[in-house]
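Here's the structure we're looking at; comments come further down.
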Number of protein chains: 2
Amino acid sequence: MTVTVDVVLFTIRERKLHLLLVKRAVKPFEGRYALPGGFVGEDESLDAAAIRKLREETGVERVYLEQLYTFGDPKRDPRGRVITVAYYALAPTDPSDGTWFPVTDLPPLAFDHRKVADYAHQRLRNKLDWTNVGFELLPAKFTLSELQMVHEAILGEELDKRNFRRKIIQRGIVKPTKEWQETGRKPAQLYRFK
Amino acid sequence: MTVTVDVVLFTIRERKLHLLLVKRAVKPFEGRYALPGGFVGEDESLDAAAIRKLREETGVERVYLEQLYTFGDPKRDPRGRVITVAYYALAPTDPSDGTWFPVTDLPPLAFDHRKVADYAHQRLRNKLDWTNVGFELLPAKFTLSELQMVHEAILGEELDKRNFRRKIIQRGIVKPTKEWQETGRKPAQLYRFK
DNA sequence: ACAAAAGTGTTCCATATACACCCATGT
DNA sequence: ACATGGGTGTATATGGAACACTTTTGT
C-alpha cells in the first residue's frame with residue numbers, strides 16, 4: 001500500500017481563480033494534466049511531503065497550505081493501491097513553472113484529480129466566509145479593491161463595494177499603511193494584513 | 001508504509017458527550033485505552049475500513065460517519081511508519097461493547113489518540129452550528145428537550161429553551177408527530193427529523 | 001398542594017443588504 | 001473635458017440574545 005500527496009495550488013490571474021496543473025511525463029495517464037504530487041517519503045511528514053512536491057514540481061516555496069481530504073478508493077489508481085492525502089495551497093502571485101487553468105475551464109485530468117480539485121474549490125469558498133484566507137492570495141500590501149477582487153474570484157459573484165469595505169474594516173483584520181499605489185488613475189491606499 | 005483508520009465514536013450518556021475507547025491487548029501501549037481502529041484492507045475503501053472496524057471492535061452497525069483528518073507524523077507509531085486516516089462517528093443510543101468515557105475526563109491514550117479525539121470534538125462543535133448533525137445522536141423520534149440536551153452536551157454550555165426551539169422550528173428541519181412521550185410529568189411531543 | 005419538566009412572545013441589538021454619488025488622477 | 005477606478009453613508013430587513021410565566025401531569 002502506497003501513500004501519495006497531491007496539491008491543489010490556487011492563485012488569481014486576470015481577476016479569475018486559477019489552479020496549477022502539470023503534464024504527466026509517464027504512464028499511467030501519460031500526457032494528461034494532473035495535480036502536482038507524488039509519493040510520501042518513508043521518514044517525512046505529510047505536510048513536508050506536500051511542501052517538497054510543490055517545490056520540486058512547481059518551484060513554489062512559501063505558500064499557505066492545508067490538508068484537504070484523503071482519497072482512498074481502491075480503484076483510483078490503475079497501478080494498484082494508492083491512497084492520496086490531498087492538500088490545497090494558496091499562492092499570492094504567479095511565481096511558478098507549470099500551467100495555470102481557470103477553475104471554470106479545466107482540461108481532463110488524470111486519476112480522480114477532477115474530484116479533488118472540485119473538493120478544494122468548494123472548501124476554499126466555504127473558508128472564505130469564516131477566515132482570513134483571502135489574504136494568502138495577495139502580496140503583503142494590497143488595496144481594498146484587490147482584496148475584493150480576490151473574494152469575487154473565489155466566490156464567483158460580484159460584491160457591493162461599500163458593504164465589503166465596511167465588513168473588512170470592522171473585522172479589524174487589516175490596517176492601512178501610509179503608502180499609496182499608483183494605479184494609472186486615482187491612487188489607492190495600501191493595506192496590510194494584521 | 002502502512003495505513004490505518006481510527007474512529008472517534010461519540011454518543012450521549014447521562015446528558016454528557018462520551019466517546020468509546022477500547023483497551024489494547026497487544027504491544028505497543030498494551031493495556032492502554034485507544035480509539036477503535038486498525039489496518040485498511042488491500043482492496044477496501046477507507047470508509048469501508050472504518051465501518052468494518054467499528055463493527056468488529058464495538059458491535060456498532062449503522063452510524064453517521066465522516067472523515068476527519070489524516071495524521072502522518074513519522075514518529076506517531078513506535079512500530080514504524082503508520083499513517084492513520086481518522087474518522088468520527090455519531091451513535092444514537094448506547095448499543096455497544098467497549099467502554100465509554102466523558103470527553104471531559106479521558107484516560108491516557110495510546111499513540112497520538114488524544115490529539116485525534118480533541119480534534120474530533122472540536123469538529124463536532126463546529127459542525128453543530130451549520131448542519132443537522134445533532135439528530136444523529138438521537139433515535140428517530142425525539143422531544144425538543146432531548147434535542148436541546150444533545151446540543152448542550154456537545155457545546156458544553158446551556159442554551160435558552162425558547163430561542164433554541166424557535167431556531168429549530170424556523171429552520172424547518174423537524175416535523176412534529178402525533179405521538180407524545182410519557183415523561184413521568186407533563187408529556188412531551190415527539191418530533192421527527194425531516 | 002407541590003414538584004418537575006413542557007410549552008410559549010416580545011424587546012433589543014448586531015449584522016447583512018440594498019442602493020448612488022463625488023473625487024482624484026492620467027490622457 | 002472626459003474616462004477610470006477610488007472612496008464614502010443611510011435606511012431597511014433579518015437573525016441572535018436576553019428574559020418569566022403558565023400548563024400539565026404524577027405523587
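The figures that follow rest on heavy atoms only: side chains count, while hydrogens, waters and symmetry mates do not. Numbers restart at 1 for each chain; the letters A, B, ... are given by sequence-line order, proteins then strands.
Close placement of the A:Phe164 and A:His151 rings is indicated, their centers lying within 6.0 Å of each other. Under the 6.0 Å cut-off for aromatic ring centres, B:Phe111 and B:Phe29 qualify, their centroids lying closer than that.
Counting any heavy atom pair closer than 4.0 Å across all strands shown, B:Gln170 reaches no nucleic acid atom.
One can place CZ of A:Arg165 at 7 Å from P of D:dG6, the figure rounded to the nearest angstrom. A straight line from CG of B:Leu190 to C1' of C:dG7 spans 15 Å, rounded to a whole angstrom. Residue A:Glu158 contributes atom CD, which lies 13 Å from atom P of C:dA18 at whole-angstrom precision. Rounded to an integer number of Å, the gap from CD1 of B:Ile169 to P of C:dG9 is 12 Å. Residue B:Gln189 contributes atom CD, which lies 13 Å from atom P of C:dA6 at whole-angstrom precision. B:Gln181 has its CD atom 10 Å from the P atom of C:dG7, to the nearest Å.
A heavy atom lying under 4.0 Å from DNA chain C marks none of the residues of residues 134-156 of chain A.
Between A:Phe142 and A:Phe135, the ring planes lie tilted relative to each other; the angle falls in the 30° to 60° range. Between A:Tyr69 and A:Tyr119, the ring-plane angle classifies as tilted under the 30° and 60° cut-offs. Between A:Phe10 and A:His121, the two ring planes are tilted [angle within 30° to 60°].
Remark: B:Ala86 pairs with B:Leu68, B:Phe71, B:Val116 by the side chain to side chain contact (heavy atoms under 4.5 Å, CB included) rule, at least two apart or across chains.
Residue B:Val174 comes nearest to B:Lys194 through the heavy atom pair O-CE, 3.5 Å, listed as atom of the first residue, atom of the second, then distance.
Here B:Gln148 contributes atom CD and B:Asp160 contributes atom CG; the two are 7.5 Å apart, rounded to the nearest 0.5 Å.
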- Query: Using a cut-off of 4.0 Å between protein heavy atoms and nucleotide atoms, how would you tag nucleotides 17-27 of chain D 5' to 3' with B, S and -?
  - Reply: BBBB--BBSB-
